[in-house]
Peer 1: 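Here it is, the structure in full.
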Amino acid sequence: MNLTSESATLQLQVDREHSGLRLGTVVLFIGIAVVTFLVTNALIASEGFNILAGLVAFGVAALVTRLTEPTFKRLWPSKRVLQLDGQGARMLYDNNAQATIQSDLTANVHFWCFKIPRRGRMPKGWYVIACGLQQDDTYLTAYTFASPAQTTEFHQLTQFTELQSESKKSKSAKTESLRLAGEQRRLRIAEEHRWHDGGELTTADFEAFIKWVNGQHAQWNM
């Protein structure tokens, strides 16, 4: 998170674990594992596949990758940033605006969350916490991954509506009020934009983003 006092601009790094970084980490892991296996296999003779060399190669590759990952993130940032100031919010890619929300025009703000159903990059049971700014047909969405405890803390900043899954939606369709149905429909549209163009933030940067939205733009329809 970088706050430039001179221009009163809050600039947040987006997608710290971007696809290029993840691919580079996998390539590094494989490269180190192969080299370590070949060296260990040459030093420790074995008939057939050298299980010991394989275990050593895996352990060394995992350790080196884990230790070098912070350096990778620092030296290889994504080209996307989220800029916030008195004029509005901008999602930039390589200094070119992908989405702009102006502070002097009416905007809708959507807050939603949903539980991660299966383990992937994040553990099962964690949440995706998201905020989408909408101005006419323009959407600017940001999100983070949060543990259940962190999700509770975010709820203390702003009430995030849980986005229903399709199965849950069908079960509750008969008893769902028109207001709730409309809210879920709006959140699903915002979620589609998050899925395609949303910017991932760290939990600390996402909290700063939410505070900026709540504090500086009370005139928007939240």
Peer 1: Between Ala146 and Ile129, what is the shortest heavy-atom contact and its length?
Peer 2: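 For Ala146 and Ile129, the tightest heavy-atom pair comes out as CB-CG1, 3.9 Å.
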Peer 1: Between Gln150 (side chain only) and Thr203 (backbone N and O only), is there a donor and an acceptor less than 3.5 Å apart?
Peer 2: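 Side chain of Gln150 to backbone of Thr203, a donor-acceptor pair under 3.5 Å: no, none is there.
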Peer 1: Answer yes or no: is there a donor N or O on one side and an acceptor on the other, between the side chain of Thr144 and the main chain of Leu201, under 3.5 Å?
Peer 2: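 Present.
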Peer 1: Is there a donor-acceptor pair under 3.5 Å between the side chain of Gln184 and the backbone N or O of Glu162?
Peer 2: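 At least one qualifying donor-acceptor pair exists.
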Peer 1: Below 4.5 Å, heavy atoms only, C-beta onward: do Asn214 and Lys211 meet side chain to side chain?
Peer 2: no
Peer 1: Hey, are the side chains of Gln98 and Asp197 touching, using non-hydrogen atoms and a 4.5 Å cut-off?
Peer 2: no
Peer 1: If every non-hydrogen atom of Arg118 is compared with every non-hydrogen atom of Ile116, which pair is closest and at what distance?
Peer 2: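 Answer, listing the atom of Arg118 first, then Ile116: O-CG2, 3.2 Å.
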Peer 1: Run the salt-bridge test on Arg188 and Glu192 with the 4.0 Å N-O cut-off and return the result as yes or no.
Peer 2: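 No, this pair does not count.
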Peer 1: Assess the residue pair Trp112 and Thr141 against the criterion (side chain to side chain contact (heavy atoms under 4.5 Å, CB included)); give the C-alpha distance rounded to whole Å, side-chain angles, the decisive distance to 0.1 Å, and a yes or no.
Peer 2: CA-CA 11 Å; Trp112 73 98; Thr141 59; 4.3 Å; yes
Peer 1: Treat each ILVMFWY residue as a node, draw an edge where side-chain heavy atoms are under 4.5 Å apart, and state whether Leu187 and Tyr143 are in one component.
Peer 2: yes
Peer 1: Report yes or no: do Leu63 and Ile30 belong to one cluster of Ile/Leu/Val/Met/Phe/Trp/Tyr joined by side chain heavy-atom distances under 4.5 Å?
Peer 2: no
Peer 1: Table please: side-chain donor-acceptor pairs of residues 34-44 below 3.5 Å, with sequence neighbours left out.
Peer 2:
residue: Thr36; atom: OG1; partner: Ile32; partner atom: O; Å: 2.7
residue: Thr40; atom: OG1; partner: Thr36; partner atom: O; Å: 2.7
residue: Asn41; atom: OD1; partner: Asn50; partner atom: ND2; Å: 3.1

Peer 1: When rounded to the nearest 0.5 angstrom, what distance separates CG in Asn108 from CG in Asp136?
Peer 2: 9.5 Å
Peer 1: I'd like to know if the side chain of Asp15 and the backbone of Gly199 have a donor-acceptor N/O pair within less than 3.5 Å.
Peer 2: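 Such a contact is absent between Asp15 side chain and Gly199 backbone.
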Peer 1: List the atom of Gly125, the atom of Pro148, and the distance in Å for their closest heavy-atom pair.
Peer 2: O-CG, 3.7 Å
Peer 1: Who else is in the cluster with Val81 when I, L, V, M, F, W and Y are joined by side-chain contacts under 4.5 Å?
Peer 2: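 Leu92, all in the cluster of Val81.
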Peer 1: Name all residues meeting the ring pair (Phe, Tyr, Trp, His ring centres under 6.0 Å) criterion together with Phe114; count only those two or more places apart in sequence or in a different chain, and write none if there are none.
Peer 2: none
Peer 1: Is there a side-chain contact between Glu153 and Glu207, using heavy atoms and a 4.5 Å cut-off?
Peer 2: no
Peer 1: Not counting sequence neighbours, list each pair that qualifies as a ring-ring contact (aromatic ring centres under 6.0 Å, His included) and has a residue in residues 116-141.
Peer 2: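 Qualifying pairs: Tyr139-His193.
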Peer 1: Is there a side chain to side chain contact (heavy atoms under 4.5 Å, CB included) between Phe111 and Ile210? Walk through the geometry before answering.
Peer 2: CA-CA 10 Å; Phe111 297 108; Ile210 295 302; 3.7 Å; yes
Peer 1: Return yes if some donor-acceptor pair links the side-chain N/O of Thr158 with the main-chain N/O of Phe154 below 3.5 Å, else return no.
Peer 2: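 Judged by distance alone, no pair lies under 3.5 Å.
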Peer 1: Rounded to the nearest 0.5 Å, how far does CD of Gln159 lie from SG of Cys113?
Peer 2: 8.0 Å
Peer 1: How far apart are the closest heavy atoms of Leu82 and Ala142, and which atoms are they?
Peer 2: CD2-CB, 4.4 Å
Peer 1: Determine whether Leu163 and Glu191 satisfy the following criterion, side chain to side chain contact (heavy atoms under 4.5 Å, CB included), listing intermediate values before the conclusion.
Peer 2: CA-CA 9 Å; Leu163 182 64; Glu191 170 60 19; 3.8 Å; yes
Peer 1: Can you establish whether the number of heavy atoms outside Leu67 located under 6.0 Å from its atom CG is more than 12?
Peer 2: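 For Leu67, atom CG is crowded (more than 12 foreign heavy atoms under 6.0 Å).
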Peer 1: Which heavy atom of Val213 sits nearest to which heavy atom of Leu133, and what is that distance?
Peer 2: CG2-CD2, 4.2 Å
Peer 1: Are Val128 and Phe206 connected, step by step, through hydrophobic side chains (Ile, Leu, Val, Met, Phe, Trp, Tyr) whose heavy atoms are closer than 4.5 Å?
Peer 2: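 No; Phe206 is not reachable from Val128 via cluster members.
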Peer 1: Under the rule for ring pair (Phe, Tyr, Trp, His ring centres under 6.0 Å), what residues qualify as partners of Phe209, not counting sequence neighbours?
Peer 2: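 Scan of Phe209 (ring pair (Phe, Tyr, Trp, His ring centres under 6.0 Å), adjacent residues dropped) gives none.
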Peer 1: What is the minimum heavy-atom distance between Gln135 and Ala107, and which atoms define it?
Peer 2: NE2-CB, 3.8 Å
Peer 1: Is Val64 linked to Val56 within one hydrophobic cluster, defined over Ile, Leu, Val, Met, Phe, Trp and Tyr using a side-chain heavy-atom separation of less than 4.5 Å?
Peer 2: yes
Peer 1: Are more than 12 heavy atoms, taken from residues, nucleotides or ligands other than Asp94, located less than 6.0 Å from that residue's CG atom?
Peer 2: yes
Peer 1: With sequence neighbours excluded, what pairs up with Phe58 under the ring pair (Phe, Tyr, Trp, His ring centres under 6.0 Å) test?
Peer 2: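 For Phe58, the residues satisfying ring pair (Phe, Tyr, Trp, His ring centres under 6.0 Å) (neighbours in sequence not counted) are Phe29.
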Peer 1: Taking atom CG of Leu12 and atom CZ of Arg80, what is their separation to the nearest 0.5 Å?
Peer 2: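 Nearest 0.5 Å value for the CG-CZ distance: 12.5 Å.
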Peer 1: Does the pair Arg186 and Gln134 meet the rule for a side-chain hydrogen bond (donor to acceptor under 3.5 Å, both in side chains), with working shown?
Peer 2: CA-CA 10 Å; Arg186 290 189 292 271; Gln134 176 192 357; over 6 Å; no
Peer 1: Report the residue from Thr100, Thr9, Asp85, Asn96 that forms a side-chain hydrogen bond (donor to acceptor under 3.5 Å, both in side chains) with Arg90.
Peer 2: Asp85
